[in-house]
Number of protein chains: 6
Amino acid sequence: MFHTTLFLFALLFSCTSHAADFCVGDLKGPETPSGYTCKPPANVTVDDFVFSGLAKGGNTTNIISAAVTPAFLAQFPGLNGLGISLARLDLAPGGVIPFHTHPAANEVLLVTQGSICAGFVSSSANTVYLKTLKKGDVMIFPQGLLHFQINAGGSIAIASVTFSSPNPGLQITDFALFANDLPTELIAKTTFLDPATIKKLKGVLGGTN
Amino acid sequence: MFHTTLFLFALLFSCTSHAADFCVGDLKGPETPSGYTCKPPANVTVDDFVFSGLAKGGNTTNIISAAVTPAFLAQFPGLNGLGISLARLDLAPGGVIPFHTHPAANEVLLVTQGSICAGFVSSSANTVYLKTLKKGDVMIFPQGLLHFQINAGGSIAIASVTFSSPNPGLQITDFALFANDLPTELIAKTTFLDPATIKKLKGVLGGTN
Amino acid sequence: MFHTTLFLFALLFSCTSHAADFCVGDLKGPETPSGYTCKPPANVTVDDFVFSGLAKGGNTTNIISAAVTPAFLAQFPGLNGLGISLARLDLAPGGVIPFHTHPAANEVLLVTQGSICAGFVSSSANTVYLKTLKKGDVMIFPQGLLHFQINAGGSIAIASVTFSSPNPGLQITDFALFANDLPTELIAKTTFLDPATIKKLKGVLGGTN
Amino acid sequence: MFHTTLFLFALLFSCTSHAADFCVGDLKGPETPSGYTCKPPANVTVDDFVFSGLAKGGNTTNIISAAVTPAFLAQFPGLNGLGISLARLDLAPGGVIPFHTHPAANEVLLVTQGSICAGFVSSSANTVYLKTLKKGDVMIFPQGLLHFQINAGGSIAIASVTFSSPNPGLQITDFALFANDLPTELIAKTTFLDPATIKKLKGVLGGTN
Amino acid sequence: MFHTTLFLFALLFSCTSHAADFCVGDLKGPETPSGYTCKPPANVTVDDFVFSGLAKGGNTTNIISAAVTPAFLAQFPGLNGLGISLARLDLAPGGVIPFHTHPAANEVLLVTQGSICAGFVSSSANTVYLKTLKKGDVMIFPQGLLHFQINAGGSIAIASVTFSSPNPGLQITDFALFANDLPTELIAKTTFLDPATIKKLKGVLGGTN
Amino acid sequence: MFHTTLFLFALLFSCTSHAADFCVGDLKGPETPSGYTCKPPANVTVDDFVFSGLAKGGNTTNIISAAVTPAFLAQFPGLNGLGISLARLDLAPGGVIPFHTHPAANEVLLVTQGSICAGFVSSSANTVYLKTLKKGDVMIFPQGLLHFQINAGGSIAIASVTFSSPNPGLQITDFALFANDLPTELIAKTTFLDPATIKKLKGVLGGTN
């Protein structure tokens, strides 16, 4: 009887707070400003909280000799509503992640292999914050500020990156400017670049107009 | 080949963060405490981010000689989740926006034509903060505090108003008290006004009981 | 005509901000990180904002001689999105709420009858904050910290408890450790308790393995 | 040695997170938008988390036969940064808390003695939500909306009130309008009340002009 | 006596919530992640809530034929903690605000004179959202995304801009890249621009290295 | 002249938003609920954003054969206000991080070497979420829930851990219960453990009473 009473006591609490703990995203459901609707708690298993996609780096045989492998909300729905996400950065020798911003998140980068030269520019005085990071070093890139990473050594460099949002976004300046149909004359007016340079970069990056 | 590799690289990023940038509200979908569900990003066009309803002022031939034209979430679903909204205020000569509050937002008012006498009352010591504003002046009305605006000149006054919420709410004290079926005796008890005054205002404002 | 104009003016405002005021949860709809979808405002009545379930205490004839009666989001959907919830605590003589945490909320407890010995432990230095509370005393239990309540008198003690979240969660340490199928050897390794003690508590609390 | 090692281990953790747990307000220090600066954790005792000021009701021999006894940030600095506060409401027979708002908080009221007629008005359609509450009933008053409480019985009524902010504010409409130096003609213009009524209420409530 | 009692009642409330209403920033005091420390409420006057600096546009006789006049936290300390700020945009004929981002705020732009061609680029698929806005049109620029504004007519264009933060930041891409001491070779590696182009822009914008 | 004008233009923007970008914490200054006061931006260098303390693991020759090396706000003041922090976890063979919670943060763990058996318990139904993680696997531990990590292999295991708060806190259940002066009888009443077991653990963990 002692046993039963406590068990009922446990049941009482169970039903009162059934989804306070987490809200695994249902990517097929509607999205809201706070994230996706929650997968029914009864269907949630430990695998909703585990992600194995960062074990291997992406393919770095491309023009920037680099790859970003995300564990954002779209890949890892367990992050829904949790204010955090991750990515893996692989930089082959000579590899570079061009100037970019994350519109909605602070970034923290931890070098796990090799060395990386990284920098960001403040908005207030265009001050450059530049550092060559060794294995084990951590660097902060505040939200929305332009920053880059370059392999600073002769061998592959790898970093583990974390963001203060499940969906940090990623806007690479070159792609935003040159990989779409924004008219060359508009780009010229708004960047001080000359049309020839713009057209050349559009050609490289797949832009038109 | 150079071109293709980069293009694929761009695609990689595209699908990883497909809705980090915005969440245009689907007003027909369900609402949540954080706002409406998002319109599918593929259906979003620039017109979801543009609103033309503030170009003309509302009709001011009414008892208060004033009109408020909102660009709130319900009119401008692109504001969903963005923490901001707007309105246009037109005050004909003699026009007045009676004492009111916005339950869920701070307000910033910019006079764009004419002059406006505006004020708010603090909750702490009932202190009055009162100012006659000229064209180009900006005034803050902190969240939830009673405030008003009156045309301070002989010609029409116009203001552009912004709120720190996509859905600021608007509670005009007179309407809240006298434009519904709240029993006269209850109003009398809770406002110190006498029943005759209450009944007169109920008559004017459409209230019953 | 005077009357009509104002009435139309009121209608104008009505439709602009139709759900700024509240978002009563529709417990049958989907949940999101910010809460449940809103019940249509037109279907909302005063009863959505009133809850009578705290009038009577729960049954305290159990092993802990105590009962917690919640008014959380699941019981009181009007709290959806409001950042607050309540519970009633009944402690028969000798009653105790064992060590527990609320993963997502600060707690404030007001003794309304009898006296209660309560305490919490800080995470930083394992400091104990301990107090015997009389009727009318209020005590804060900061978010996520282990705490307990014990009836400190010879008669029933009652408290009114409030949380800074509509869904504060409740994790009783004993139940989390011993009322499920977590293998005894894992518990032994992670708690320093010996297997015999663990198995005994599993027996009492309904755990297996 | 076994003992010592663990003890050192504990020390390690202690110093790493020394103030994550709470931030008791130093009311003599500067205030910020997020609250007061924190009292040094080493000076914090359990008494910073305990408040006894709600044990007795305020004096109700006044014009409204009512008293509000607050446990807000200013009285109870342990609430600093916690998103919650309390108050005690005493309503003698005939007592009333006139129409008022809390500019920055949702309110939840629990009747602990007697019965109370309470109501609020929505901003959207001026809808009245009205209920007579018995002992044990809870009612929600959403943020910023006009509401009131009246003793609905023949004996004293008491309520325990909680807010979703440590500093909810309290703006009683009558005091905001009539208990200061706001000129009568401005009040007339912004409330539709006639000057005689205004002057009478100013006389009662201590207003001038 | 009636008068006195109520007056005391008012005093009671006054002291309980003395700074819930606002927190005007003391720009000489320390700053925190939530904003500046508050100016003592007793020293606050209506002028802390009023700003006249947007009445006149800035000087547009510069290389971009444009001027931005901010009413951010630094210019208008009354905005401290309020989640909102403003700016005035003046574009002479041919004027342009080059590609830029606001790292920490959504933007809403209202054209008050002339016409403006504006656009932003999404981070997800580098989609361009482009529109020519007439007087009275409003356009949203979501947080952190690259955007620009160009005078689309033959006469001066003016816009009133609002941000969802008292301190939105402003990072003009050209200035971030070329107006500091970031080495040319690093810029070349991280932008795909050739060194000659970079050096030319550094020359124009005051950069070195 | 062209050069000078633009340069002045840059200066204009510089001074308008001088601290929007970041708020490096001044650990000697006062703390607030939102974090420490900001170091003057002019004194900030890139080293405020770089931390090298995670390069080496802590000493694991202790009773749990494990070490946690934090990069929390106290060690890495650049994290102030950024909503993120890190730690390094070293588990020698047989190593274990006992059951614990982080009162104020979600956790994401990435195994960088070896293999780790990790688990957490939900508050709602005491459900156990248990997984053996290989190198490259990521696991989520939602805020405030009890969880543990055990070395699951025969060699050292290392993990990189991130939290959704600059100051996540860490409450190890055993230390909270047995490493202080909480009286044995109170522990017995609130944990169902017998006094002999409690006294033994107090002896091991340095507790008294």
Side-chain angles (χ1 to χ4, degrees), chain B residues 63-64 74 94-105 117 119-128 130 142-150 167-183 186-187 189-194 196-197 200-201 204-207 209, chain D residues 63-64 74 94-105 117 119-128 130 142-150 167-183 186-187 189-194 196-197 200-201 204-207 209:
Chain B
I63 191 180
I64 57 172
V96 54
I97 305 294
F99 260 113
H100 65 283
T101 62
H102 304 286
C117 168
F120 71 88
V121 184
S122 80
S123 79
S124 48
N126 301 311
T127 307
V128 180
L130 199 64
Q143 176 171 336
L145 297 183
L146 279 165
H147 61 287
F148 65 87
Q149 288 100 11
I150 301 177
N167 217 349
L170 167 60
Q171 182 162 58
I172 301 181
T173 307
D174 270 315
F175 286 86
L177 297 179
F178 308 119
N180 48 37
D181 58 358
L182 195 59
L186 271 184
I187 304 177
K189 267 206 122 156
T190 54
T191 62
F192 302 120
L193 295 172
D194 59 277
T197 299
K200 194 178 111 196
L201 284 165
V204 172
L205 296 169
N209 281 357
Chain D
I63 191 179
I64 57 172
V96 55
I97 305 294
F99 260 112
H100 65 284
T101 62
H102 305 286
C117 169
F120 71 86
V121 184
S122 79
S123 80
S124 47
N126 301 311
T127 307
V128 180
L130 198 64
Q143 177 170 337
L145 298 184
L146 279 165
H147 61 286
F148 65 87
Q149 288 101 12
I150 300 178
N167 218 348
L170 167 60
Q171 183 162 58
I172 301 181
T173 307
D174 271 314
F175 287 85
L177 297 180
F178 309 118
N180 49 37
D181 59 357
L182 196 59
L186 271 185
I187 304 176
K189 267 207 123 156
T190 54
T191 61
F192 301 121
L193 296 172
D194 58 276
T197 299
K200 194 177 110 195
L201 285 164
V204 171
L205 297 169
N209 282 358

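Residues D:Thr191 and B:Thr173 form no side-chain contact, since every pair of their non-hydrogen atoms from C-beta on lies 4.5 Å or further apart. Here the side chains of B:Leu177 and D:Phe99 are in contact, with some heavy-atom distance below 4.5 Å. Counting heavy atoms from C-beta on, the side chains of D:Leu186 and B:Leu130 come closer than 4.5 Å. Using a 4.5 Å heavy-atom cutoff, the side chains of B:Leu193 and D:Asp174 are not in contact.
The CG atom of B:Asp181 lies 8.5 Å from the OG1 atom of D:Thr127; values are rounded to the nearest 0.5 Å. Rounding to the nearest 0.5 Å places CD of D:Gln171 at 7.0 Å from CG of B:Asn126.
The shortest non-hydrogen separation linking D:Gly94 to B:Lys189 is O-NZ, 4.0 Å. Among all heavy-atom pairs drawn from B:Gly144 and D:Thr101, the shortest one is O-OG1, 4.0 Å.
Heavy atoms of D:Leu145 lying under 4.5 Å from chain B belong to its backbone as well as its side chain. Contact of D:Leu201 with chain B is made through the side chain alone, with heavy-atom distances under 4.5 Å. Looking at D:Ile150, only its side chain comes within 4.5 Å of chain B, counting heavy atoms on both sides.
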Audit row: B:Ile64, D:Phe192, side chain to side chain contact (heavy atoms under 4.5 Å, CB included) steps and yes/no: CA-CA 10 Å; B:Ile64 57 172; D:Phe192 301 121; 3.6 Å; yes
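Residues passing the ring-ring contact (aromatic ring centres under 6.0 Å, His included) test with D:Phe120, sequence neighbours excluded: C:Phe49, D:Tyr129. Under the side-chain hydrogen bond (donor to acceptor under 3.5 Å, both in side chains) criterion, D:Thr197 pairs with D:Asp194, sequence neighbours left out.
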